[in-house]
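Let me begin by presenting the structure, written as structure tokens, before commenting on it.
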Amino acid sequence: MGPAVAGASKIPNAGRGKTKMSREVGVGLGVAEEPSELCQTGGSVFKGAGSEGWENEAGSPCPASPPSSPLGIFASHCLARRIGAGEGEGSFFSLGAGKPGAGGGGVKASSTQLLREKFASPFTARNCYNWNLLEMTPGGLYGGWTLLFLLLAPLFCHPCPIPCECSEAARTVKCVQKELTSIPTGIPGYTRNLFITGNQIAHVGSQDLQGLHNLVTLSLANNRINAVESHAFSNLRSLRYLDLSYNHLVTIHPDAFSARNNSVQELNLSHSLYNFSAIRPVAAALTQGGFQNLSKLELTSNKIIYLPLGMLSSLSKLEYLDLRNNSLIDIKNSTFSGLHLKYLDLTSNAFKTLRSEALFALERQSHLSLFLKDNPFVCNCDIEDLVNWLNQSRQVVDVEKLACISPQDLRNTSLVELVGTDLECHYSQHSENVLQSSYAALGIVLGIIGIIFLFVLYLNRKGIKTWMNGLRDACQNLMEEYHYRYEIDSDRHITQISAVDI
């Protein structure tokens with residue numbers, strides 16, 4: 001029901017007279033279909049009654065006599081919208097009604113045409129209250145008042161931004177594949193569900209979503225968004241579901257969300273990151289954005305190689321985490337610290353094995369359902385811990401679908417069917433242990449031989465000393481003899497040179 005016209009309730013018995021609507025309008029528009037299509041004047045509420053006239057909510061005909069006061073205001077026209085063409089389509093029309101009493105004649109065609117031209121923007125059936133176009137009686141002022149209310153009528157309506165489609169009944173606005181380059185302005189405040197998808201929007205600004213305090217669901221998927229500015233979503237205190245999938249995000253400002261009023265429960269960032277390095281600003285936004293109510297996070301197909309340290313630590317209510325189709329190679333012990341996950345999908349990543357550290361982190365999630373298929377598991381000794389864990393744990397839902405991708409002789413072999421002899425880990429370990437024992441024994445033997453040798457030298461120290469002295473004297477005599485011969489040869493050569501000179 002539309003609000004009462006200002007001043008009308010102060011005038012007793014205003015709006016008397018059974019007004020007749022034109023058959024064209026009465027039949028073509030069905031103006032009595034919607035609760036919002038009620039006109040209120042003088043404390044009485046009137047609604048359309050086919051093409052016969054007006055009646056109040058009790059079903060009684062309107063009073064027949066016109067008001068006697070020169071300033072009496074009575075209902076003569078209502079705004080309505082053609083119903084049935086689809087949401088967001090149609091124009092406003094003036095429901096023609098005769099003016100009771102002498103001098104009647106109703107609104108002129110030019111006024112109706114002006115109304116059509118002035119307010120032909122798309123509105124939905126429930127978007128606009130059917131305000132009366134009021135006339136003054138008697139006198140010739142009714143035309144001016146009519147034009148005045150023609151101009152004021154949109155102030156009491158909820159416009160729908162062009163070229164979007166709006167439904168006030170469903171509290172929904174859709175701007176799907178409209179080639180928009182920015183988020184449209186003028187989105188009605190009643191909106192609970194907003195879908196702006198398949199456009200060419202490059203960024204989300206801090207003022208783009210102002211005033212939408214009732215917004216619960218927001219989808220900005222497939223818009224080529226590359227940047228989300230500070231406080232872009234901070235005023236959406238009722239937001240529960242946010243979809244930013246299929247975009248080209250390079251950066252999300254750490255303050256894009258409000259740490260105090262963040263009520264987001266589901267966040268979809270699948271296919272949304274421009275490259276793997278964009279995970280860092282996403283991690284900062286998750287850490288600082290106050291996502292204390294987030295229960296579902298989707299990060300599929302983003303080429304993520306690793307999860308930054310502490311990225312998920314503040315998401316205390318997170319239960320559903322989807323990391324399918326990325327390039328993750330390892331899980332740290334602290335990756336899921338503080339979480340109580342119920343669903344974790346690691347399908348189609350780059351895990352060759354899961355180390356004991358990762359297995360310990362997963363074991364702490366006592367109610368977890370884990371998916372691991374389509375990873376390139378290399379079946380060598382490094383995978384033995386994972387094989388043993390798979391045979392003991394009940395967390396892996398698709399355990400029967402886990403298979404080796406290499407080596408070639410074990411290709412497509414189920415991991416749970418592997419044993420130590422297949423991996424040759426026990427034999428290799430035994431050989432390594434034997435080799436290490438051999439090296440230790442050899443060292444001990446060499447050490448004993450060395451000790452015996454030193455002991456023998458000690459017992460023969462005098463004889464060794466005498467032998468060393470004799471060896472020293474022999475070397476000394478040899479050096480003196482060599483030196484003597486060198487001097488003789490040098491003197492003979494000098495004598496020969498002197499004789500030649502003489």
> Given the rule in the side chain to side chain donor-acceptor pair (under 3.5 Å) test, do Thr300 and Ser270 qualify, once you have shown the distances and angles that lead to the verdict?
Replying inline: CA-CA 5 Å; Thr300 66; Ser270 299; 2.8 Å; yes

Got a salt bridge between [X] and [Y], using NZ or NE/NH1/NH2 to carboxylate O under 4.0 Å?
| X | Y | result |
| --- | --- | --- |
| Arg324 | Asp345 | yes |
| Arg355 | Asp385 | no |
| Arg411 | Asp409 | no |

Main-chain N/O of [Y] paired with [X] side-chain donor or acceptor, under 3.5 Å:
| X | Y | answer |
| --- | --- | --- |
| Asp243 | Ser245 | yes |
| Asn261 | Arg237 | no |
| Glu229 | His203 | no |
| Asp208 | Ala232 | no |
| Asn375 | Phe377 | no |
| Asn268 | Leu244 | no |
| Asn302 | Leu273 | yes |

TODO: Return yes if a side-chain donor-acceptor contact under 3.5 Å exists between Asn235 and Gln210, otherwise no.
DONE: yes

- Message: Assess, by modelled atom type and distance only, whether the side chains of Ser234 and Ser258 contain a donor and an acceptor separated by less than 3.5 Å.
- Response: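 Checked: Ser234/Ser258 side chains show no N/O donor-acceptor pair below 3.5 Å.
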
Validation row, ring centre Phe291 to ring centre Phe257 under 6.0 Å: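 Phe291 vs Phe257: aromatic centres under 6.0 Å.
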
Under 6.0 Å between ring centres, would you say that holds for Tyr306 and Phe276? no

Parallel, tilted or perpendicular: which fits the ring planes of His271 and Tyr246, with parallel below 30° and perpendicular above 60°?
->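 Aromatic pair His271/Tyr246 classed parallel.
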
Quick one: do Met311 and Ile279 satisfy side chain to side chain contact (heavy atoms under 4.5 Å, CB included)? Show the steps, please. CA-CA 9 Å; Met311 172 179 171; Ile279 191 62; 3.6 Å; yes

